[in-house]
Amino acid sequence: MTAKGEESKTAAKKKPEKKSEKKRTLEELFEELEAVTAELETDELPLEEAFLKYRRGMELLKECNAAVDTVEKELQILEET
């Protein structure tokens with residue numbers, strides 16, 4: 001096998017694994033969202049990287065909203081009982 005073929009196999013093995021199914025806490029999500037926001041507020045990011053950070057921020061925001069919705073539903077259930 002050529003060195004190039006071996007490199008692509010090695011690269012394929014080093015691909016980041018999907019995050020575990022463990023849900024992060026709301027505090028952890030907010031912390032990462034704050035970090036992404038701080039990075040976006042700097043004028044030093046190239047446009048493509050800024051777009052990727054923005055996209056990540058939107059994903060985090062959706063996760064935060066879902067977590068808050070879940071807590072609100074649980075509180076409503078507790079209040080009804």
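A quick note: this is a predicted structure, and the numbers were derived from the prediction, not measured.
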>> Let me confirm one number: the CZ-CG distance from F51 to L40, rounded to the nearest 0.5 Å.
In response: 11.5 Å
> Are E31 and T25 side-chain neighbours, meaning at least one heavy-atom pair lies under 4.5 Å?
Replying inline: no
> Closest heavy-atom contact between A67 and L26?
Replying inline: CB-CD1, 3.8 Å
> Between K62 and E59, does at least one N-O distance fall below 4.0 Å, as a salt bridge requires?
Replying inline: no
> Once you round to the nearest 0.5 Å, how far does CE of M58 lie from CZ of R56?
Replying inline: 12.5 Å
>> Using side chain to side chain contact (heavy atoms under 4.5 Å, CB included), reason through L60 and R24 one step at a time and then give a plain yes or no.
In response: CA-CA 11 Å; L60 289 165; R24 296 186 298 164; 3.3 Å; yes
> At their closest point, which heavy atom of L29 faces which heavy atom of C64, and how far apart are they?
Replying inline: CB-SG, 3.6 Å
> Applying salt bridge (charged side-chain N to carboxylate O under 4.0 Å, His left out), which residue pairs with at least one partner in residues 38-50 are found, sequence neighbours left out?
Replying inline: E39-K53
> Using links of under 4.5 Å between side-chain heavy atoms of ILVMFWY residues, direct or through other members, which residues join V71 in one cluster?
Replying inline: L75
>> Using 0.5 Å steps for rounding, measure from the CD atom of E32 to the CD atom of E28.
In response: 9.5 Å
